[in-house]
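This report refers to the structure that appears directly beneath it.
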Protein chains: 2
Amino acid sequence: MRMSSGVEWAVHCCVVLSLAEHPVPTARLAQLHDVSTSYLAKQLQALSGAKIIRPAQGGSGGYLLDRPAEQITVLDIVEAIDGPGPTFICTEIRQRGPLAATADQCNKPCAITRAMATAEQAWREALRASSIADLASQVNTDYDSDILGPVSQFIAQRG
Amino acid sequence: MRMSSGVEWAVHCCVVLSLAEHPVPTARLAQLHDVSTSYLAKQLQALSGAKIIRPAQGGSGGYLLDRPAEQITVLDIVEAIDGPGPTFICTEIRQRGPLAATADQCNKPCAITRAMATAEQAWREALRASSIADLASQVNTDYDSDILGPVSQFIAQRG
DNA sequence: GGTCAGTTACTCGGATAGAACTTGTCCGAGTTCGGACGG
DNA sequence: CCGTCCGAACTCGGACAAGTTCTATCCGAGTAACTGACC
């Protein structure tokens with residue numbers, strides 16, 4: 001079970017976009033992070049479809065956060081990129097084979113599914129606790145210098 | 001991010017094996033669950049490599065739990081089948097691009113990685129809290145009838 | 001009847017193909033900006 | 001000098017391949033049990 005690398009890109013981009021006042025094009029975000037523009041476009045497309053970022057077309061177009069960074073959680077991004085469904089999907093093998101349980105005995109999930117769901121719930125809650133604003137506020141503290149300033153300038157440039 | 005279906009099979013098999021006194025061959029476990037014998041063999045092989053189950057070769061061979069069911073957690077099985085590594089792997093894109101952070105600024109994980117690691121830790125703790133014995137004890141309660149009895153008889157048969 | 005060797009059948013273990021998903025790329029539809037033109 | 005029109009460049013959006021992981025399968029090495037002969 002490996003999380004898509006697109007999630008990492010998407011979160012980084014959202015943090016950067018939280019600093020932007022004007023729309024930032026995909027090409028510039030890709031340049032900043034030194035990643036494939038085409039593939040990053042795919043991830044941003046997914047974020048756009050999930051109403052996390054808002055597209056702006058035309059000459060000075062690009063992407064912008066669709067709501068305040070405080071209201072965007074890491075979970076939102078993970079679900080947008082990686083899919084909202086559960087990571088563990090029960091195939092109900094208890095209803096198969098010679099000793100299969102009857103359907104009416106299976107009105108509630110099996111113990112294994114419950115254990116997995118509980119763990120996944122804890123994972124989701126933890127991801128929901130981190131907002132983009134939280135992450136952004138940690139960056140400068142981490143490096144003990146103003147990194148976000150140059151980034152803001154970089155994404156403000158066009159070309 | 002989807003968890004391997006082999007994990008589901010492996011957990012089910014471990015629950016069944018917790019009832020067994022004599023080694024149970026792969027073919028019988030596959031028959032009980034109505035799944036591919038060959039592929040199930042691969043999963044059991046992984047469990048064997050992780051010292052969760054113990055193989056017994058020869059005429060009346062098969063697999064048996066390597067330690068009491070109380071000491072086998074769901075996390076053990078997930079790590080054995082799906083790999084022990086973290087699901088989120090940071091590619092350190094902060095060290096790339098025109099505004100790359102220097103290596104000595106990155107002595108500790110970035111905020112995004114920390115958030116992911118925290119969530120994953122919560123997930124692991126929840127999985128560690130469920131033992132195979134716990135799951136087995138819930139089965140009969142769930143169905144309000146003795147399912148484990150027939151299963152014990154089934155896996156005791158040979159042929 | 002007991003012991004022993006040989007045979008048989010069964011088991012696990014690793015090496016080998018196919019399918020599905022992730023990763024990476026491309027080109028077309030639509031929109032905005034800039035400049036040229038006319039009033 | 002100002003408003004309008006036109007062209008061009010830039011943007012996003014979805015459709016199209018390559019690589020990697022997961023899924024499924026097969027056959028060989030090794031071991032325990034069984035059968036039969038022998039003592």
Side-chain angles (χ1 to χ4, degrees), chain A residues 1-10 13 17 20 22-31 33-64 66 78 81-83 85 87-89 91 93 155 157-159, chain B residues 1-10 13 17 20 22-31 33-64 66 78 81-83 85 87-89 91 93 155 157-159:
Chain A
M1 186 167 63
R2 209 177 80 264
M3 181 172 292
S4 166
S5 66
V7 172
E8 183 186 7
W9 299 10
C13 285
L17 286 178
H22 305 290
V24 183
T26 304
R28 184 137 282 261
L29 287 171
Q31 185 184 2
H33 294 116
D34 187 27
V35 297
S36 159
T37 303
S38 307
Y39 189 41
L40 180 60
K42 202 179 188 61
Q43 315 305 334
L44 296 180
Q45 203 169 323
L47 291 179
S48 172
K51 306 285 186 190
I52 294 173
I53 60 178
R54 173 196 303 279
Q57 274 194 336
S60 68
Y63 285 108
L64 215 51
D66 194 48
V78 169
I81 303 292
D82 226 57
T87 66
F88 178 84
I89 39 181
T91 59
I93 66 179
I155 61 177
Q157 298 170 17
R158 300 205 64 84
Chain B
M1 185 168 64
R2 210 178 80 263
M3 181 172 292
S4 166
S5 67
V7 172
E8 183 187 7
W9 298 11
C13 285
L17 286 177
H22 306 290
V24 183
T26 303
R28 184 136 281 258
L29 288 171
Q31 185 184 1
H33 295 116
D34 188 27
V35 296
S36 158
T37 303
S38 306
Y39 188 43
L40 180 61
K42 200 177 190 59
Q43 316 304 335
L44 297 179
Q45 202 169 325
L47 291 179
S48 172
K51 306 286 186 188
I52 293 173
I53 61 178
R54 173 196 303 280
Q57 276 193 335
S60 66
Y63 285 107
L64 215 51
D66 193 48
V78 169
I81 303 292
D82 225 58
T87 66
F88 178 84
I89 38 181
T91 60
I93 66 179
I155 60 177
Q157 298 170 17
R158 301 205 63 85

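Note that the structure is predicted; figures quoted are calculated from it, not measured. Proteins come first, then strands; the chains are lettered A, B, ... in the order of their sequence lines, and each starts at number 1.
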| D:dG13 P sits how many Å from A:Leu47 CG, rounded? | 11 Å
| query | Which of the following nucleotides, C:dG13, D:dC12, C:dT11, is nearest to the side chain of B:Pro25? | reply | C:dT11
| If you check the A:Lys42 side chain, which of C:dT25, D:dT23, D:dG13 turns out closest? | C:dT25
| Taking only side-chain nitrogens and oxygens of B:Ser5, does any of them come within less than 4.0 Å of OP1 or OP2 of D:dC22? | no
| Which part of the nucleic acid, if any, lies within reach of A:Thr37 when heavy atoms closer than 4.0 Å are counted: base, sugar-phosphate only, or nothing? | nothing
| Validation row: A:Arg2, B:Thr87 side chains within 4.5 angstrom (heavy atoms) | no
| query | Rounded to the nearest Å, what distance is computed from the OH atom of residue B:Tyr39 to the P atom of nucleotide D:dC22? | reply | 9 Å
| query | Please give, in whole Å, the distance from D:dT11 P to A:His22 NE2? | reply | 15 Å
| Can you check whether A:Leu47 reaches A:Ile81 side chain to side chain, under 4.5 Å on heavy atoms? | yes
| request: Could you please spell out the steps behind the side chain to side chain contact (heavy atoms under 4.5 Å, CB included) verdict for A:Thr26 and A:Thr37? | output: CA-CA 7 Å; A:Thr26 304; A:Thr37 303; 4.2 Å; yes
| task | Rounded off to whole Å, could you give me the CD-to-P distance for the B:Gln45 and D:dA24 pair? | result | 16 Å
| remark: Sorted by position of nearest nucleotide on DNA chain D, 5' first, the leading residue of B:Ser4 and A:Pro55 is A:Pro55
| Atom pair distance, as rounded to whole Å: CG in A:Leu64 and C1' in D:dC12 | 15 Å
| query | Under the 3.5 angstrom rule, does the side chain of B:Asp66 hit a backbone N or O of B:Arg54 as a donor-acceptor pair? | reply | no
| message | Any base atoms under 4.0 Å from A:Ser38, or only sugar-phosphate, or nothing? Heavy atoms, all strands. | response | base
| query | Mapping B:Met1 and B:Ser48 to their closest nucleotides on DNA chain C, which lands nearer the 5' end? | reply | B:Ser48
| query | Hey, are the side chains of B:Tyr63 and B:Ser48 touching, using non-hydrogen atoms and a 4.5 Å cut-off? | reply | yes
| field | Gap between atoms CE and P, on A:Met3 and C:dT22 respectively (whole Å) | value | 12 Å
| field | Backbone N/O of B:Thr91 and side chain of A:Glu8: donor-acceptor pair under 3.5 Å | value | yes
| Minimum-distance nucleotide (side-chain atoms of A:Ser36 versus D:dT23, C:dG24, C:dT23) | C:dG24
| query | Between B:Asp82 (CG) and D:dT21 (P), how many Å, whole number? | reply | 13 Å
Provide a list of protein-nucleic acid N or O atom pairs under 3.5 angstrom, restricted to nucleotides 27-34 of chain C.
none

| Given atom CZ of A:Arg2 and atom C1' of D:dC22, what is their separation to the nearest angstrom? | 11 Å
| Hey, are the side chains of A:Leu44 and A:Leu29 touching, using non-hydrogen atoms and a 4.5 Å cut-off? | yes
